[in-house]
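Worth knowing before you read on, the calculation uses all heavy atoms, side chains too, and leaves out hydrogens, waters and symmetry mates. Letters A, B, ... are given to chains in the order of the sequence lines, protein chains preceding strands, and every chain is numbered from 1.
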2 protein chains.
Amino acid sequence: MAESTGEQLLFLTDEQLRQGIEAMFFAYRGFTADPDRILDEMAYGRAHHRAIHFINCAPGTTVNNLLNILGVTKQSLNRVLRRLIEDGLVESKVGRMDKRERHLFLTEEGKALESRLSDAQRARMRAAYRKAGPEAVAGFRQVLEAMMDPDMRRNYHALRETKT
Amino acid sequence: MAESTGEQLLFLTDEQLRQGIEAMFFAYRGFTADPDRILDEMAYGRAHHRAIHFINCAPGTTVNNLLNILGVTKQSLNRVLRRLIEDGLVESKVGRMDKRERHLFLTEEGKALESRLSDAQRARMRAAYRKAGPEAVAGFRQVLEAMMDPDMRRNYHALRETKT
DNA sequence: CTTGGAATGTCAACAAGGCTGACTTAATGT
DNA sequence: ACATTAAGTCAGCCTTGTTGACATTCCAAG
């Protein structure tokens, strides 16, 4: 029913849209601020965080797979991955079926860092959700999803379907 | 009234929060994708976009002011600003009251680029808003605001009050 | 079987854009 | 007169994106 009236009620001035744009900018900064502080301690960056996050939620994923999700070049990811492997946070296993592939897993140490980062980020998200209330949260998710590129939306949904 | 029932109804599992985190990640990518393409054409980056955006919506702002909003060092901003001035997109005028200050303005050419970037970004925002409906938009804005750091929230509100 | 091409991953080098630190210049305020 | 503030500059570092060249592995067509 929200949708049925939606089209008519939605008079969007450029000013309102600009507010949305700025809100997105400042909110994203808040969103990454807590993990960034933790990562700084051990001289990692956001790229390491992203890799750890997605390896954690899809253990055994291949490098190529991760590439598609993260949307960077394989060379860029490789640098990050190499350091995570050297530091013993990530393990890379040669594929049994296809020996060209490497399957990625977090070590215990890797999982520990993932938890620290995740907890920090979730805490802020939880606080924001509580402050805004459940209806706001539903709206938040709807708008975010509508804002994604179709390709990325596919990745986003794929992540929660393929709980292998 | 949403808030009154909010606290009780909000059972947030870690999985739900992780979905929110990922949605934020993918949505932000979509959010910047269109301007990024335009910026690429003329070998500018997001840093230039941010500078142009905030100079446009607070014309005559000082360098120091911009520094606080953007949250970068003056050396970093200066590199970006220098090129925008060289390229004739931004004009820097010595302050009349305080001659130490430089006040920043977009030139006609600067405004033209700002419009292109802004139009692209607004188009996506508008499409997402339409798709999600007005109630969702309200919720979206509430959650984003709750997610900002308090300092940044101040900046965010200051921007729409001081329409000098 | 072999050989050429596709897929996968690695190494090297470069650029953008963050950062720190040291310093200058000019204007202001005390 | 002197300390402070705003702005700019230079040098150098790091992360993280990019391309290009290359090695390895697999598979399929000749």
TODO: Measure the distance from CD on A/E101 to C1' on D/dA23 and round it to the nearest whole Å.
DONE: 17 Å
- [ ] Would you check if A/Y156 and B/Q19 make a side-chain contact, meaning some heavy-atom pair closer than 4.5 Å?
- [x] yes
Task: Proximity to the side chain of A/K74 - top-ranked nucleotide from D/dG17, C/dG17, C/dT8 - done: C/dT8
Open item on the list: In whole Å, I'd like the distance from the CG atom of B/L70 to the P atom of D/dA7.
Closed with: 13 Å
- [ ] Just compare D/dT16, C/dT8, C/dA27 and give me whichever is closest to any side-chain atom of A/R100.
- [x] C/dT8
- [ ] Identify which nucleotide among D/dT15, D/dT9, C/dT10 has an atom closest to any side-chain atom of B/N78, counting heavy atoms from C-beta outward.
- [x] D/dT9
Open item on the list: Which nucleotide wins on minimum distance to the side chain of A/V72, given the candidates D/dG17, D/dA7, D/dG8?
Closed with: D/dG17
- [ ] Remember a base hit wins even if backbone is also touched, and classify A/G95 as base, sugar-phosphate or nothing at under 4.0 Å, heavy atoms.
- [x] nothing
- [ ] Could you please spell out the steps behind the salt bridge (Lys or Arg N to Asp or Glu O under 4.0 Å) verdict for B/K111 and B/E108?
- [x] CA-CA 5 Å; B/K111 283 179 196 165; B/E108 285 311 310; 3.6 Å; yes
Open item on the list: On a heavy-atom basis, which atom in A/L66 and which in A/F54 lie closest, and how many Å separate them?
Closed with: CD1-CB, 3.7 Å
TODO: For A/G71 and for B/R82, find the nucleotide of DNA chain D with the closest heavy atom, then tell me which residue's nucleotide is more 5'.
DONE: B/R82
Task: Between P of D/dC14 and CG of A/D36, the distance in whole Å - done: 19 Å
Task: Nearest-angstrom distance from the residue atom CD1 of A/I85 to C1' of C/dT10 - done: 11 Å
Open item on the list: Tell me the interatomic distance from B/R50, atom CZ, to C/dA16, atom C1', rounded to whole angstroms.
Closed with: 12 Å
Open item on the list: Nearest whole Å is fine: how far is C/dG9 C1' from A/N65 CG?
Closed with: 15 Å
Task: From D/dA7, D/dC26, C/dC19, nucleotide with atom closest to A/D98 side chain - done: D/dC26
TODO: Identify the heavy atoms of B/L39 and B/G45 that sit nearest to each other, and give their distance.
DONE: CD1-O, 3.7 Å
Open item on the list: Once you apply a heavy-atom cut-off of 4.0 Å, does A/R79 come out as touching a base, just sugar-phosphate, or nothing?
Closed with: base
- [ ] Could you check whether A/K99 gets within reach of a base, just the sugar-phosphate, or nothing at all, counting any heavy atom under 4.0 Å?
- [x] sugar-phosphate
TODO: Identify whether any heavy atom of B/H103 sits under 4.0 Å from a base atom; if not, whether one sits that close to sugar-phosphate; answer base, sugar-phosphate or nothing.
DONE: nothing
- [ ] Assign each of A/T73 and B/L81 to its nearest nucleotide of DNA chain D by heavy atoms, then name whichever residue's nucleotide is nearer the 5' end.
- [x] B/L81
Task: Minimal non-hydrogen separation, A/T107 against A/G88, with atom names - done: OG1-O, 2.6 Å
- [ ] Provide, to the nearest angstrom, the distance between the CZ atom belonging to A/R46 and the C1' atom belonging to C/dC19.
- [x] 14 Å
- [ ] Ignoring backbone atoms, test whether B/H48 places a side-chain nitrogen or oxygen under 4.0 Å from the OP1 or OP2 oxygen of C/dA16.
- [x] no
Task: Selection from C/dT20, D/dA7, C/dG17 that lies nearest to any side-chain heavy atom of B/Q75 - done: C/dT20
Task: First encountered from the 5' end of DNA chain C, between A/R102 and B/M97 - done: A/R102
- [ ] Measure across A/I69 and A/M152 and return the closest heavy-atom pair with its distance rounded to 0.1 Å.
- [x] O-SD, 4.1 Å
Open item on the list: Please report the distance, rounded to the nearest Å, between CZ in A/R96 and C1' in D/dC26.
Closed with: 18 Å
Open item on the list: Base, sugar-phosphate or nothing for B/A43? Non-hydrogen atoms, less than 4.0 Å.
Closed with: nothing
